Undergrad: 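Shown below is the structure under consideration.
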Amino acid sequence: MSKRFYITTAIDYVNGQPHLGHAYEKVITDVIARARRSLGEPVFFLTGTDEHGQKVQQAAQAVGKTAQAYCDELAAQFQALTVALNLSNDDFIRTTEPRHKAVVSALLTKLHDQGDLYKAPYRGWYSWKEETFLTDKDRGPDGTFAPTWGEVTELVEENWYFRMSRHQGWLLDHLEAHPDFVQPDYRRNEILGFLRSVALDDLCISRPRARLSWGIPLPFDPDYVNYVWFDALTNYFSVPAALGDPGALEPLGAYAPKAEGRRPKVEGRSAGDEVRSPEAEVRLWPADVHVIGKDIVRFHAVYWPIMLHAAGVPLPHQVLVHGWWQKDGEKMSKTTGNVVDPLAVVRDWGVDAFRYYVVRELDIGPDGNWTDAGFRARYTAELANGLGNLVNRSLAMLQRYRGGIVPARSDELATEVLQTASRLTAQLRAHQLQAGLITIWGLVNRANQYVDQTAPFKLAKDPAQASRLDAVLYNLVETSRILAVLLWPFLPTTAARITQQLGLNETPDHLSAADWGGLAPGHRIGQPEPLFPRKE
RNA sequence: GCCAGGGUAGCUCAGCGGUAGAGCAGGGGACUCAUAAGCCCUUGGUCGUGGGUUCGAUUCCCUCCCCUGGCACCA
């Protein structure tokens with residue numbers, strides 16, 4: 001089997017509840033994943049949680065739980081989010097899983113044996129209360145540390161470092177040679193600017209176990225655990241390796257852990273069945289797209305490629321960087337309460353309304369602004385009155401005038417529909433999701449216009465116009481069918497409902513079905529039902 | 001402080017040498033299949049400021065102001 005299109009989200013740190021930012025990143029990743037499947041490519045979509053580290057250890061302690069129990073609870077919440085958002089992820093990685101830890105250890109052992117890691121002392125100001133080193137940024141205006149830090153003393157601590165700095169020139173060359181490696185371009189330019197102007201330091205990759213126990217031990221020095229980088233970033237690589245992907249195991253050579261042979265287990269999903277077939281050989285690495293937020297660009301565009309390069313592992317093809325959401329023009333903050341709870345929106349408006357709004361409102365890259373009024377406006381105008389009403393009036397007229405029986409084929413809208421599908425295909429390949437929705441709605445609007453121009457409700461009153469009415473009705477229901485196919489990556493539930501109302505059994509999950517003439521004359525459609533009920 | 005991007009209709013943005021466009025919002029109209037939805041028409045702008053180049057600048061150049069992002073520094 002050929003290599004799958006392998007796409008990942010960032011893994012979420014389990015120090016709080018899932019919020020809009022988490023949900024947004026997962027939705028756009030899911031749309032890309034579904035789009036590639038719809039285009040006929042095998043896909044592997046990975047998401048998960050980042051569970052080690054001091055904050056987790058402290059948070060667990062604060063509520064009197066073990067770190068593991070605390071992580072289990074929060075991981076369950078993030079897994080519930082993937083279900084609520086109707087994500088088609090093929091696996092869900094938790095960094096506390098043995099399959100992940102084994103790969104992290106293998107990678108580090110290889111680097112250690114190669115001499116890419118070294119131990120060195122670190123001297124700094126340490127807050128015993130907060131259990132962290134402070135920097136000059138933490139000093140007050142008078143040069144002292146604020147009392148909130150508690151006792152602060154100068155401390156010397158040995159730690160392990162990764163020889164990152166020596167790869168700076170190589171990375172710069174790589175970025176210059178691969179314009180797609182970081183997208184959008186302005187993010188790439190920022191990284192290029194950074195690499196040209198700043199000398200990279202080596203990366204501190206450990207914490208003494210005495211100070212931080214909740215982490216993956218360094219395989220060559222049991223007094224230390226991993227600090228962030230090789231733990232969190234490696235998740236993208238550890239899943240393919242654990243699944244036995246030769247593309248991931250071969251670079252590790254003798255260091256490779258034994259593959260579990262376990263196939264990804266994600267319950268209750270419909271998409272990507274072929275991906276989960278147990279016989280299929282898993283070929284994922286290198287990853288095609290890492291979807292991340294702008295706050296972690298440097299880790300993914302600098303640290304991660306250098307880590308992989310040093311280990312002799314092929315690099316992912318692209319880091320795709322999205323922006324952040326504001327609420328009503330202001331930063332979302334728990335303390336002020338101006339937050340958007342994605343689960344509440346899904347509950348009140350439906351998962352597809354949520355998916356639609358976030359993809360339609362914000363292009364991948366810039367920051368966006370969530371307003372409840374804007375959400376409501378798009379829901380009403382574009383989903384209910386646009387798409388929903390079109391499908392509803394089209395099916396209702398076929399039921400009323402032709403008893404729900406599809407008439408003879410007519411190709412009046414065929415050209416426009418195929419042009420839409422063609423344009424959308426190109427946009428999906430380019431990850432232009434917002435543009436894709438605009439393209440689809442161009443067809444929605446055209447079809448609504450077509451109803452008024454052809455006025456089937458007038459034709460129905462004149463028996464002499466029967467064949468003309470047939471033609472118009474065919475164009476409308478066939479357009480509705482193809483809309484379901486086009487919408488699938490974005491609004492899978494809605495797409496399935498349209499197909500179902502059309503009385504079809506298949507799932508509209510392949511763009512190849514967007515070919516004109518798929519509805520057979522004589523087919524009996526089902527009953528129309530509003531897709532997006534108007535709210536009050 | 002340095003680098004990049006941006007300031008165009010009430011809102012979100014496109015245009016980038018020949019005195020401006022889209023969507024939404026606002027106004028009007030004809031219709032009735034439909035979730036009182038949809039369709040058609042339409043009012044809105046001295047294109048951030050001040051200069052310059054040009055026959056002519058929103059469009060090119062310079063100054064300044066403001067916003068956003070990145071980096072650095074200080075705290």
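Everything quoted here is computed from the prediction, not taken from an experiment. A note on names: the letters A, B, ... follow the listed sequences, proteins ahead of strands, and every chain is numbered from 1.
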Undergrad: Would you list the pairs meeting side-chain hydrogen bond (donor to acceptor under 3.5 Å, both in side chains) in which at least one residue belongs to residues 381-398 of chain A, sequence neighbours left out?
TA: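 Checked against side-chain hydrogen bond (donor to acceptor under 3.5 Å, both in side chains) - neighbours excluded - the pairs reaching residues 381-398 of chain A are Tyr356(A)-Glu382(A), Arg378(A)-Glu382(A), Asn385(A)-Arg534(A), Arg393(A)-Asn448(A).
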Undergrad: Rounding to an integer number of angstrom, what distance separates G48(B) and C67(B) when you compare their C1' atoms?
TA: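 Approximately 11 Å lies between the C1' atom of G48(B) and that of C67(B).
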Undergrad: Excluding sequence neighbours, so at least two apart, what forms side-chain hydrogen bond (donor to acceptor under 3.5 Å, both in side chains) with Asp173(A)?
TA: none
Undergrad: Reading RNA chain B 5' to 3', how would its secondary structure be written in dot-bracket notation, given Watson-Crick and G-U pairs with both distances under 3.5 Å, brackets [ ] for crossing pairs and | for partners on other strands?
TA: ((((((((.[[[[.).....]]]].((((.........)))).....(.(((.......))).))))))))....
Undergrad: For G69(B) versus C55(B), give the span between their C1' atoms, rounded off to a whole number of Å.
TA: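 To the nearest whole Å, 41 Å.
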Undergrad: For a quick test of reading the model: is some side-chain N or O of Arg298(A) closer than 4.0 Å to OP1 or OP2 of C71(B)?
TA: yes
Undergrad: Could you tell me the separation between the CG atom of Leu437(A) and the C1' atom of U12(B), rounded to a whole number of Å?
TA: 16 Å
Undergrad: Which nucleotide in the set C31(B), C33(B), U35(B) lies at the smallest distance from any side-chain heavy atom of Pro530(A)?
TA: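 Looking only at heavy atoms from C-beta outward on Pro530(A), the closest nucleotide is U35(B).
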Undergrad: Going by the glycosidic torsion and a 90 degree boundary from 0, is the base of G44(B) oriented syn or anti?
TA: syn
Undergrad: Please give me every residue in residues 162-181 of chain A whose heavy atoms get under 4.0 Å of an atom in RNA chain B, ordered by residue number.
TA: none
Undergrad: Could you list the residues that satisfy ring-ring contact (aromatic ring centres under 6.0 Å, His included) with His174(A), not counting sequence neighbours?
TA: Trp170(A), His178(A), Phe181(A)
Undergrad: On RNA chain B, check which nucleotide each of Tyr186(A) and Ile191(A) is closest to and give me the residue with the more 5' one.
TA: Tyr186(A)
Undergrad: Could you measure between the two P atoms, the one in U43(B) and the one in G17(B), and give it in whole Å?
TA: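 Roughly 27 Å separates the two P atoms.
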Undergrad: Measuring centre to centre across the rings, with the benzene-like ring taken for any Trp, is His300(A) within less than 6.0 Å of Tyr236(A)?
TA: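 That pair passes the under 6.0 Å test.
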Undergrad: Can you tell me the distance, in whole Å, between the CZ atom of Phe532(A) and the C1' atom of U35(B)?
TA: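 Distance check: Phe532(A) CZ to U35(B) C1' gives 12 Å.
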Undergrad: Less than 3.5 Å apart, any donor N or O on the side chain of Gln183(A) or Asp185(A) sitting next to an acceptor on the other?
TA: yes
Undergrad: Taking atom types as modelled and ignoring hydrogens, do the side chains of Asp509(A) and Ser38(A) form a donor-acceptor contact shorter than 3.5 angstrom?
TA: no
Undergrad: C16(B) and U8(B): how far apart are their C1' atoms, nearest whole angstrom?
TA: 11 Å
Undergrad: Could you give the distance separating G15(B) and C60(B) at their P atoms, to the nearest angstrom?
TA: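 Rounded to whole Å, the distance is 12 Å.
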Undergrad: Under 6.0 Å from the ring centre and within 45 degrees of the ring axis: does the NZ or CZ of Arg207(A) meet both conditions for the six-membered ring of Tyr227(A)?
TA: yes
Undergrad: Tell me every residue that passes ring-ring contact (aromatic ring centres under 6.0 Å, His included) with Tyr161(A), counting only those two or more places apart in sequence or in another chain.
TA: Tyr118(A)
Undergrad: Go through A37(B), G69(B), A72(B) for me and flag the one nearest to the Val198(A) side chain.
TA: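 Output: A72(B).
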Undergrad: Under 4.0 Å, heavy atom to any atom of RNA chain B: which of residues 347-361 of chain A qualify?
TA: none
Undergrad: Flag this pair as yes if the NZ/CZ of Arg298(A) is under 6.0 angstrom from the six-membered ring centre of Phe194(A) and inside a 45 degree cone about the axis; otherwise no.
TA: yes
Undergrad: Figure out the CG/P separation between Asn445(A) and A22(B), and round it to whole Å.
TA: 15 Å
Undergrad: Expressed as a whole number of angstroms, how long is the span from Asn369(A):CG to U12(B):P?
TA: 9 Å
Undergrad: Whole angstroms only, please: what is the CG-C1' distance between Asp363(A) and G6(B)?
TA: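 Whole-Å distance recorded here is 16 Å.
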Undergrad: Could you list the residues that satisfy ring-ring contact (aromatic ring centres under 6.0 Å, His included) with Phe230(A), not counting sequence neighbours?
TA: Phe162(A)
Undergrad: Would you please indicate yes or no on a ring centroid separation below 6.0 angstrom for Tyr357(A) and Trp370(A)?
TA: yes
Undergrad: To the nearest Å, how far apart are Tyr450(A) OH and U32(B) P?
TA: 19 Å
Undergrad: Looking at RNA chain B, which of residues 379-410 of chain A put a heavy atom within less than 4.0 Å of it?
TA: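 Of all residues in residues 379-410 of chain A, the ones placing a heavy atom under 4.0 Å from RNA chain B are Ala384(A), Asn385(A), Gly388(A), Asn389(A), Asn392(A), Arg393(A), Ala396(A), Met397(A), Arg400(A), Tyr401(A).
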Undergrad: Any donor-acceptor pair under 3.5 Å linking the side chain of Arg188(A) with the backbone of Val182(A)?
TA: no
Undergrad: What's Pro456(A) touching, base or sugar-phosphate or nothing? Going by heavy atoms closer than 4.0 Å.
TA: nothing
Undergrad: Taking the minimum atom-to-atom distance to the side chain of Glu190(A), which one of G69(B), U35(B), U32(B) wins?
TA: G69(B)
Undergrad: Starting at atom NZ of Lys294(A), determine the distance to atom C1' of G69(B), rounded to an integer number of angstrom.
TA: 7 Å
Undergrad: Among all residues two or more places apart in sequence or in another chain, which pass the side-chain hydrogen bond (donor to acceptor under 3.5 Å, both in side chains) test with Thr8(A)?
TA: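 Per chain and number, Thr8(A) pairs via side-chain hydrogen bond (donor to acceptor under 3.5 Å, both in side chains) with His290(A).
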Undergrad: Is Arg187(A) touching bases, backbone alone, or none of the nucleic acid, heavy atoms closer than 4.0 Å?
TA: sugar-phosphate
Undergrad: Sticking with atom C1', work out how far U59(B) lies from A20(B), rounded to a whole angstrom.
TA: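 That atom pair is separated by 11 Å.
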Undergrad: Between G18(B) and A9(B), how far apart are the two C1' atoms, rounded to whole Å?
TA: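 My reading of the C1' atoms in G18(B) and A9(B) gives 22 Å.
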Undergrad: Rounded to whole Å, please give me the gap between CZ in Phe457(A) and C1' in A30(B).
TA: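 That distance rounds to 11 Å.
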Undergrad: Closest to the Lys458(A) side chain: C71(B), U32(B), C33(B)?
TA: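 Of C71(B), U32(B), C33(B), U32(B) is nearest to the side chain of Lys458(A).
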Undergrad: Which pairs, with at least one residue in residues 397-425 of chain A and sequence neighbours excluded, count as a ring pair (Phe, Tyr, Trp, His ring centres under 6.0 Å)?
TA: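 Residue pairs passing ring pair (Phe, Tyr, Trp, His ring centres under 6.0 Å), neighbours aside: none found.
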Undergrad: Hey, is Arg355(A) close enough to Asp30(A) for a salt bridge, meaning N to O under 4.0 Å?
TA: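 Yes, Arg355(A) and Asp30(A) are salt-bridged.
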Undergrad: Can you pull the ring pair (Phe, Tyr, Trp, His ring centres under 6.0 Å) pairs that have at least one residue in residues 10-34 of chain A, sequence neighbours excluded?
TA: His19(A)-His22(A), His22(A)-Phe78(A), Tyr24(A)-His322(A), Tyr24(A)-Trp325(A)
Undergrad: For G6(B) versus C13(B), give the span between their P atoms, rounded off to a whole number of Å.
TA: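 Approximately 13 Å lies between the P atom of G6(B) and that of C13(B).
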Undergrad: Taking only N and O in the side chain of Gln449(A), is any of them less than 4.0 Å away from OP1 or OP2 of C40(B)?
TA: yes
